[in-house]
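First the structure, in the form of structure tokens, and then the observations on it.
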Amino acid sequence: DGTVFDGVILTDKEDENRVSQILEVELGLPLEKGDLILWNDEHWLIYRSTTSSYQPHQKFYMVKCNYYIKWVDNGVLKESWVYLLGSKDSKIKDNFRTWHNVITPQPNKFINLILPHVTMPINTEIMVLDEVWYLVDYDQNSVPGVVFMSFTETNLNLQRDDVENRVANADQISEWKVVMA
């Protein structure tokens, strides 16, 4: 919301990839999980907080957002900063998995997003760079204020997707015309 405050940024020793940091601020500052912080011209998402009776400050864990995504929801274009974990950030899985004793093909690529809490219907498509992904599952309950989303690959469709503006299903954006008489 544009609030300016002082704080201390510490390295998160548990994060070997150095994409998260610890933010310490004065008690009473109205920060919450799911808030976006602008620091060093980069967006950071608060995803965890700790409270201790002996600390004279609030302690928050934040992760650096690495993508800005857009999606169409009921004709309305929505946008958000996100932290994206690609399939290469996890162990590579086999292309086939046994499920109820049936071998089912699995997608070759998937991504996971962490973002401030938003609602997004299952099967919503997003574009990251020049690839399109659709939402297969989400968890909005584990961390209030933050949503974890899982996407899998789908095909780019140049007839409906806007590659220049990185919007999947751009043809579904509603347009309104106001005529004053």
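Here the structure is a predicted model, which means the values were calculated and not measured. The chain is numbered in sequence order, starting from 1.
The line from NZ of K59 to CG of L31 is 15.5 Å long, rounded to the nearest 0.5 Å. Rounded to the nearest 0.5 angstrom, W44 CH2 and I9 CD1 are separated by 7.5 Å. Separation of atoms CG (L113) and CG (L45) is listed at 11.0 Å; rounding is to 0.5 Å. Taken to the nearest 0.5 Å, the CE atom of M149 stands 4.0 Å off from the CE atom of M120.
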For a side-chain hydrogen bond (donor to acceptor under 3.5 Å, both in side chains) check, start with the C-alpha distance between Q140 and H117, then their side-chain angles and the critical distance, and finish with the verdict. CA-CA 7 Å; Q140 61 183 354; H117 189 271; 2.9 Å; yes

Could you walk me through whether V132 and N155 pass the side chain to side chain contact (heavy atoms under 4.5 Å, CB included) check? CA-CA 6 Å; V132 179; N155 296 325; over 6 Å; no

Assess the residue pair E153 and F110 against the criterion (side chain to side chain contact (heavy atoms under 4.5 Å, CB included)); give the C-alpha distance rounded to whole Å, side-chain angles, the decisive distance to 0.1 Å, and a yes or no. CA-CA 6 Å; E153 66 181 330; F110 63 90; over 6 Å; no

Would V128 and F151 count as a side chain to side chain contact (heavy atoms under 4.5 Å, CB included) if you check the C-alpha gap in whole Å, the side-chain angles of each, and the deciding distance to 0.1 Å? CA-CA 11 Å; V128 177; F151 290 79; over 6 Å; no

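K78 has its side chain out of reach of K70: every pair of non-hydrogen atoms, C-beta onward, lies at least 4.5 Å apart. Counting only heavy atoms from C-beta outward, the side chains of I114 and L85 approach each other to under 4.5 Å. Using a 4.5 Å heavy-atom cutoff, the side chains of V76 and I173 are not in contact. In this structure the side chain of N112 never reaches within 4.5 angstrom of the side chain of L84, judged on heavy atoms. A heavy-atom distance below 4.5 Å is not found between the side chains of W71 and E125. Using a 4.5 Å cut-off on side-chain heavy atoms (C-beta onward), C65 and L36 make contact. Residues V167 and D161 are not in side-chain contact: their nearest non-hydrogen atoms beyond the backbone lie 4.5 Å or more apart.
Hydrophobic clustering (side-chain heavy atoms under 4.5 Å, transitive across Ile, Leu, Val, Met, Phe, Trp, Tyr) groups Y138 together with L115. Grouping the Ile, Leu, Val, Met, Phe, Trp and Tyr side chains by contacts below 4.5 angstrom, directly or via other members, places I111 apart from M127. Hydrophobic clustering (ILVMFWY, side-chain heavy atoms < 4.5 Å, transitive): V118 and I126 are in one cluster. Tracing side-chain contacts under 4.5 Å through hydrophobic residues (I, L, V, M, F, W, Y), one never reaches L158 starting from L129; they form parts of separate clusters. Y47 and Y83 fall within a single hydrophobic cluster, where Ile, Leu, Val, Met, Phe, Trp and Tyr side chains are chained together by heavy-atom contacts under 4.5 Å.
No side-chain donor-acceptor contact under 3.5 Å links D137 and S150.
A salt bridge is absent between E131 and R166: the closest approach of a Lys/Arg side-chain nitrogen to an acidic carboxylate oxygen does not fall below 4.0 angstrom.
A side-chain hydrogen bond (donor to acceptor under 3.5 Å, both in side chains) check over residues 28-38, counting only residues at least two apart or in different chains, returns nothing.
The heavy-atom pair separating M62 from W39 by the smallest distance is CE-CE3, 4.2 Å. Heavy atoms only, all atoms of each residue included: V147 and P116 are closest at CG1-O, 3.9 Å. Closest approach of V25 to F5, counting heavy atoms only: CG1-CE1, 3.6 Å. Residue Y68 comes nearest to E79 through the heavy atom pair OH-OE1, 2.5 Å, listed as atom of the first residue, atom of the second, then distance. Listed here is the closest heavy atom pair of D73 and T119: OD2-O, 4.0 Å. Shortest non-hydrogen contact noted between Y134 and T154 is CD2-CB, 3.7 Å.
Counted within 6.0 Å of CG on D6, heavy atoms from surrounding residues, nucleotides or ligands total 12 or fewer; the atom is thus considered open.
H43 and W81 have parallel rings, their planes meeting at less than 30° on a 0 to 90° scale where 60° marks the start of perpendicular.
Formation of a donor-acceptor pair under 3.5 Å by the T152 side chain with backbone atoms of K109 is found in this model. With hydrogens and angles disregarded, no donor-acceptor distance shorter than 3.5 Å links the side chain of N40 to the backbone of E42. Side chain of D139 to main chain of S142: a donor-acceptor pair is present (N/O by atom type, distance under 3.5 Å, no hydrogens or angles).
Residues satisfying the side-chain hydrogen bond (donor to acceptor under 3.5 Å, both in side chains) test with N123, not counting sequence neighbours, are none. Taking the side-chain hydrogen bond (donor to acceptor under 3.5 Å, both in side chains) definition, one finds that Y61 meets it with R48, sequence neighbours left out.
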